[in-house]
Amino acid sequence: MTVTALANTKADITTNLYINGKSVRGEEGKAVAIVNPYDNSEICSINPASNRQVDNAVASAYDAFRDHSWTSLTGRDRGALLFKLATLLREDLEAFAIIETMDTGIPIRETRMEVATSAMHIEYFAGWAGKIEGSYQDLGSRFNYTRREPFGVIGQIVPWNTPLKLMARGFSAAVACGNTMVIKPSIVAPLTNLRFAEIVDEAGFPPGTINVITGSGHTVGKAIVEHPKVRKVIFTGGTQGGQEILQQSVKTITPAVLELGGKGPIIVCEDIDWDEAVDGVLTQAFARKAEVCFAGTRLFIPPKLHDRFVSALAEKVAKIPMGPPLEGTTQLGPLMTADRVSDLVEHVKTAKKQGAKVVCGGEKVMDDGLERGNYFPPTIVTGVTPDMSVAQEELFGPVLCVMTYDDLDEAIEVANDSEFGLAAYVWSNDIRKSNHIANRLESGNVFINSYGYQSEIPFGGYKMSGIGREHGAEAMHEYTQTKSITVGMERFQSRFDI
Ligand code: NAD
């Protein structure tokens with residue numbers, strides 16, 4: 001679909017930034033082309049934020065945080081604003097879905113779900129807004145109570161792979177807790193984030209409570225992280241970005257939640273429900289062309305199931321409709337950029353040279369009508385050994401590495417032999433066995449006969465997959481800081497005998 005067709009759906013695109021309640025053009029002179037991964041055509045261009053605009057955005061969030069129009073709102077009031085926002089998002093679902101699809105190549109049937117899930121995240125945190133509680137300790141001669149207070153200005157840095165949902169969850173948790181925000185979407189896929197700012201405005205949030213400015217990570221992102229008035233950073237992105245954020249935040253001792261990469265192991269046991277496990281692994285490995293941090297990319301399977309299981313997967317893979325992302329029947333779209341396709345092709349070639357076997361995929365898709373896009377098929381590689389780069393690096397694409405194991409201890413050990421620890425998967429009908437495996441996996445999230453996170457489930461990584469947790473009650477701790485207030489109930493005794 002072209003921009004003209006988009007106009008027919010009334011889903012017009014916003015290329016402006018949003019600072020202090022106003023839609024403004026980015027001041028950085030060199031405009032950046034926003035490209036549709038379906039055919040690499042230009043959707044529009046955006047001028048990134050200048051340094052001056054970063055300062056303005058932070059100053060407006062800082063002023064808004066201290067302004068009566070924000071401080072006078074109760075948690076319930078903030079929740080009501082968030083509920084209104086979720087309603088507006090649902091009303092505008094189709095436009096958001098079309099824009100996200102054009103910007104990221106995620107098929108429209110998926111982006112419709114993503115918009116609905118974003119609204120669910122907002123509603124979940126709206127519910128929390130009036131329920132943020134401290135604690136009380138009776139200490140005899142004194143008592144102490146704690147308040148969970150907002151940080152003030154939170155800087156959120158968003159990646160390109162699920163821009164709307166990740167922004168919505170961070171924004172709504174932050175605002176529920178009384179913070180204000182400066183949000184930086186990825187310059188590669190900023191369009192739904194920029195549009196989101198408009199409905200935040202319509203929902204009635206006071207000007208300055210949310211500011212959305214885009215640009216590169218090393219200019220605009222860095223300036224946000226290093227800004228002394230930004231008191232917390234929420235970063236979702238690659239591990240290298242996370243390392244840079246930690247270095248950048250040293251000067252101001254700004255804490256950061258880091259949601260980083262993964263290399264999810266999938267352990268299939270002998271006692272599985274066959275059809276369910278095949279469908280499950282297919283989804284874990286290839287849904288959203290595995291451009292999701294929690295994809296399962298290393299399959300561990302007993303030798304006696306190996307051949308049949310791999311054939312069943314390959315047979316199903318061949319049937320997944322790949323096509324133009326705006327067509328309702330398409331189930332797999334293109335990867336985000338052309339570079340990512342060539343990178344995956346190289347990784348698969350290297351694995352082959354090292355002795356692995358490519359069961360299906362591994363080459364750029366050149367089918368009629370898709371050749372201009374960044375299409376790379378679901379790829380299954382067998383005979384992988386743990387030391388191969390294909391088994392170690394986060395490829396962030398649909399390449400499933402298959403390894404066999406003779407005993408479970410060995411499978412768990414190899415599964416844990418990774419610098420990452422975000423999501424892991426177990427397929428087994430034996431509750432004791434699967435729990436034993438789950439307890440031993442070094443991973444922030446383990447899914448037994450299941451897939452996918454939701455607002456209620458604390459989500460985050462072990463090891464180099466990150467620091468902190470999003471979602472659930474734990475997120476409320478990430479977006480607030482504890483203040484202890486201690487009150488003396490008996491006459492104060494001086495330490496000095498004078
Ligand atoms: P990325 O790290 O390149 O960029 C993410 C965002 O950070 C972008 O907005 C970018 O401009 C910004 N950025 C990068 N370096 C920065 C710096 N030094 N200072 C400030 N900002 C900086 O990641 P990406 O390629 O956009 O997204 C893919 C990665 O995100 C994958 O590794 C994936 O696993 C990860 N991811 C993790 C989760 C999670 O919840 N754990 C969710 C989605 C994506």
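Note that ligands are numbered from 1 as they come in the structure, with each ligand's atoms numbered from 1 the same way.
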Ligand 1 polar-atom proximity to protein (N/O, under 3.5 Å):
| from | atom 1 | to | atom 2 | distance (Å) |
| --- | --- | --- | --- | --- |
| ligand 1 | 2 (O) | Gly238 | N | 2.8 |
| ligand 1 | 9 (O) | Val158 | O | 2.7 |
| ligand 1 | 9 (O) | Lys184 | NZ | 3.0 |
| ligand 1 | 11 (O) | Lys184 | NZ | 2.9 |
| ligand 1 | 11 (O) | Gly217 | N | 3.1 |
| ligand 1 | 18 (N) | Glu244 | OE1 | 2.7 |
| ligand 1 | 18 (N) | Gln248 | OE1 | 2.9 |
| ligand 1 | 19 (N) | Gly217 | O | 3.4 |
| ligand 1 | 19 (N) | Gln248 | OE1 | 3.4 |
| ligand 1 | 19 (N) | Gln248 | NE2 | 3.1 |
| ligand 1 | 23 (O) | Gly238 | N | 3.3 |
| ligand 1 | 25 (O) | Trp160 | NE1 | 2.8 |
| ligand 1 | 26 (O) | Trp160 | N | 3.3 |
| ligand 1 | 26 (O) | Trp160 | NE1 | 3.3 |
| ligand 1 | 30 (O) | Gly237 | O | 3.3 |
| ligand 1 | 32 (O) | Glu394 | OE1 | 2.7 |
| ligand 1 | 34 (O) | Glu394 | OE2 | 2.6 |
| ligand 1 | 41 (N) | Leu260 | N | 3.3 |
| ligand 1 | 41 (N) | Leu260 | O | 2.8 |

* Asked: Is the ring centre of Phe151 less than 6.0 Å from the ring centre of Tyr479?
  -> no
* Tell me, please, which residues at least two apart from Glu474 pass salt bridge (Lys or Arg N to Asp or Glu O under 4.0 Å). => none
* Asked: Counting heavy atoms not belonging to Glu363, are there more than 12 under 6.0 Å from its CD?
  -> no
* Asked: Does Phe459 have its ring centroid less than 6.0 Å away from the ring centroid of Tyr453?
  -> yes
* **Pairing residues for Lys349 by the salt bridge (Lys or Arg N to Asp or Glu O under 4.0 Å) criterion, not counting sequence neighbours** => Glu346
* For Glu28, all residues meeting salt bridge (Lys or Arg N to Asp or Glu O under 4.0 Å), sequence neighbours excluded -> none
